[in-house]
Each structure stands twice: as C-alpha cells, then as structure tokens.
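Just so we're clear, the structure is a prediction, and the values are computed from it rather than from any experiment.
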Amino acid sequence: MRGRFISQAMVRLGADERGAAIIEFALIMPIFLLLTIGALEIALVTFVGSSIEAAVLQASRYGITGSTSAGVTREDRVRNIIEDRTFGFVDMDKVEIDTLIYDRFQDVGEPEPFEDANGNGSYDTGENFTDINGNAKWDTDMGKAGLGADDDIVLYRIRYEWGILTPIIREVLGQSIEHTSVVAVRNEDF
C-alpha cells in the first residue's frame, strides 16, 4: 500500500506544472541579460567610434578654411569641435589629436628621405637624411605638426581608447577598444 501511495504521489508531482515558469525564467534570464548587456556595450562602442569619425571630418572641414575667431586659436577650435561632436562620451583629457602638414598627398605617412649607406633598406643612426619637418632628427613620418597654410595638405588624426564598462564583456572584447579616425585634406586659399 505504501508503494502504491508513493507511486501515485510521484505521478501527481510529475503532472503538476505549477512553478515551471519560474524555473524556466531562472534558467533563461542570465543568458538574456548577458546578451542584452553585450548588445548595449557593442552599441555604445560603435556610437563612440562613429562620433569620433564625424568629429574628425567636421574638424577638418573647419580647418581647411583657415578661419579664426577672436580669442580662440585654430587648434583650440578644432579641439572644441571634436568635444562637441562626441557628445560628452569622450574624455578630452585622454584624446590624442595629431595634425600634420605635408606638401603633397603622396607624402602622407612617408618617412623622411635618407641615404641608405649600408643598403639594408632602413634608416640607421648616422646615415644622412633630409629633415623635412625641421625637428633635427629622422622620423618615420615626414609630417610637420600644425594646421598648415594656404594649399597645404593636412592630416587630422584622432585616437581614443574606450574602456569596456562591463566586466563580463571585458572577458570577450578585452579591457578597451582603440578608436582611430584619420582624414587628409587640402587647405583652401585663405
């Protein structure tokens, strides 16, 4: 009799579906939260990247005009444009902004010319070079710092390292993602 009672209780317990929804919810909710947080984090990373891209384009549009405002340098105005276009998501103290001047588009990113005395294809200390950017040392990039004058080619480069906010997502994406945006333009006559 006791065995029959236990088997009937087991059948009734197996047929009882009360509480099944809460068990299913408890199993699925962590996965759902992880996917939701991950999607938000990736959306934020993408937004910051596209904001930086828009900022460098807008800054270069301003820079080519040679326009200046009373009491504000061109460099400060470029920095202000970048700050405005990133909507406060970017810590301006950590943003790296480079503006380099070139004579021709073909020179962008090129090293200063040198005489390869030993024929190894790379610059070695003591080899003669042409100091195009005027800093008295050989450089892997011949660009000269500044915003240039009429008809100069100017490279605008913004670098920003965005720290991943969520610890679990850091395990997947790493501690941070570096955003770099670059545009080269020719200054107008001003």
For this session: Take atom CG of Asp103 as the centre, draw a 6.0 Å sphere, and report whether it contains more than 12 heavy atoms from other residues, nucleotides or ligands.
Result: no
For this session: Could you tell me whether a side-chain N or O of Arg159 sits under 3.5 Å from a main-chain N or O of Glu178, the two making a donor and an acceptor?
Result: no
For this session: Check whether any side-chain N or O of Asp139 sits under 3.5 Å from a backbone N or O of Ile132 as a donor-acceptor pair, and report yes or no.
Result: no
For this session: Might you confirm whether atom CG of Leu27 has over 12 heavy atoms from other residues, nucleotides or ligands at distances under 6.0 Å?
Result: yes
For this session: Work out which heavy atom in Ala55 is nearest to a heavy atom in Thr86; give both atom names and the distance.
Result: CB-CG2, 4.2 Å
For this session: Determine whether Tyr62 and Ile158 fall in the same hydrophobic cluster, where Ile, Leu, Val, Met, Phe, Trp and Tyr are linked whenever their side-chain heavy atoms lie under 4.5 Å apart.
Result: yes
Exercise. Which pair of non-hydrogen atoms, one from Glu112 and one from Thr130, has the smallest distance, and what is that distance?
Worked result: CB-O, 3.5 Å
Exercise. Quick one: CG on Leu165 to CD on Glu41, what's the gap to the nearest 0.5 Å?
Worked result: 4.5 Å
Exercise. For the atom pair CD (Glu83) and CG (Asn80), what is the distance rounded to the nearest 0.5 Å?
Worked result: 6.5 Å
Problem set entry | Any donor-acceptor N/O pair, Asp131 side chain to Asn135 backbone, under 3.5 Å | yes
Exercise. Looking only at atom types and distance, does a side-chain atom of Arg170 sit under 3.5 Å from a main-chain N or O of Ile164, one as donor and one as acceptor?
Worked result: yes
Exercise. Ile97 and Glu75: side chain to side chain contact (heavy atoms under 4.5 Å, CB included), yes or no, with the steps?
Worked result: CA-CA 10 Å; Ile97 303 171; Glu75 289 81 3; over 6 Å; no
Seminar exercise, completed: Output for pair (Glu24 CD, Ile22 CD1), nearest 0.5 Å, gives 10.5 Å
Problem set entry | Point-to-point distance, once rounded to the nearest 0.5 Å, from CZ of Arg104 to CG of Asp152 | 13.5 Å
For this session: Could you list who else is in Trp138's hydrophobic cluster, with ILVMFWY side chains joined at under 4.5 Å, directly or through other members?
Result: Phe114, Tyr123, Phe129
For this session: Using a 4.5 Å cut-off on heavy atoms from C-beta on, say whether the side chain of Leu173 contacts that of Ile42.
Result: yes
Exercise. Does Met142 belong to the same Ile/Leu/Val/Met/Phe/Trp/Tyr cluster as Val154, with side-chain heavy atoms less than 4.5 Å apart forming each link?
Worked result: no
Exercise. Does a sphere of radius 6.0 Å around CD1 in Ile168 hold more than 12 heavy atoms from other residues, nucleotides or ligands, not counting ones at 6.0 Å or beyond?
Worked result: no
Problem set entry | Stepwise side chain to side chain contact (heavy atoms under 4.5 Å, CB included) check, Val45 with His179 | CA-CA 9 Å; Val45 166; His179 295 284; 3.9 Å; yes
Seminar exercise, completed: Residues at least two apart in sequence or cross-chain that pass ring-ring contact (aromatic ring centres under 6.0 Å, His included) with Phe105, listed by chain then number, are none
Exercise. Under a 4.5 Å side-chain heavy-atom rule over Ile, Leu, Val, Met, Phe, Trp and Tyr, are Met92 and Phe47 clustered together?
Worked result: yes
Problem set entry | Asn187 side-chain N/O to Ala149 backbone N/O, donor-acceptor pair under 3.5 Å | yes
Seminar exercise, completed: When every non-hydrogen atom of Ile169 is compared with those of Gly38, the smallest separation belongs to CD1-CA, 3.5 Å
For this session: Of all the heavy-atom pairs spanning Glu161 and Ser176, show the shortest one and how long it is.
Result: OE2-OG, 2.6 Å
Seminar exercise, completed: Nearest heavy-atom approach of Leu155 to Val108 is CD1-CG1, 3.8 Å
Exercise. Under 4.5 Å between any side-chain heavy atoms of Ser51 and Phe89, yes or no?
Worked result: no
For this session: Hey, could you give me the CD1/OH distance between Ile177 and Tyr160, rounded to the nearest 0.5 Å?
Result: 12.5 Å
For this session: Give a yes or no answer on whether the side chain of Asp116 reaches the backbone of Asn120 with a donor-acceptor pair at less than 3.5 Å.
Result: yes
Exercise. Say you draw a straight line from CE of Met29 to OG1 of Thr36; how long is it, rounded to the nearest 0.5 Å?
Worked result: 7.5 Å
Exercise. So, do Ile64 and Arg186 sit near enough that their side-chain heavy atoms are less than 4.5 Å apart?
Worked result: no
For this session: Verify the cluster assignment for Tyr102 and Val183: are they in a single hydrophobic cluster under the rule of side-chain heavy atoms below 4.5 Å apart?
Result: no
Exercise. Do side-chain atoms of Asp150 reach the backbone of Phe190 as a donor and acceptor pair under 3.5 angstrom?
Worked result: yes
Problem set entry | Any residue meeting side-chain hydrogen bond (donor to acceptor under 3.5 Å, both in side chains) with Glu127, in chain and number order, not counting sequence neighbours | none
Problem set entry | Hydrophobic cluster membership, Leu44 vs Ile52, 4.5 Å side-chain cutoff | yes
For this session: Compare every heavy atom of Val56 with every heavy atom of Ser181, then report the nearest pair and how far apart it is.
Result: OG-CG1, 2.8 Å
For this session: Would you mind reporting whether Tyr156 and Leu57 have side-chain heavy atoms less than 4.5 Å apart?
Result: no
Exercise. Quick check: does any side chain N or O of Arg85 sit under 3.5 Å from a backbone N or O of Ala59, one acting as donor and the other as acceptor?
Worked result: no
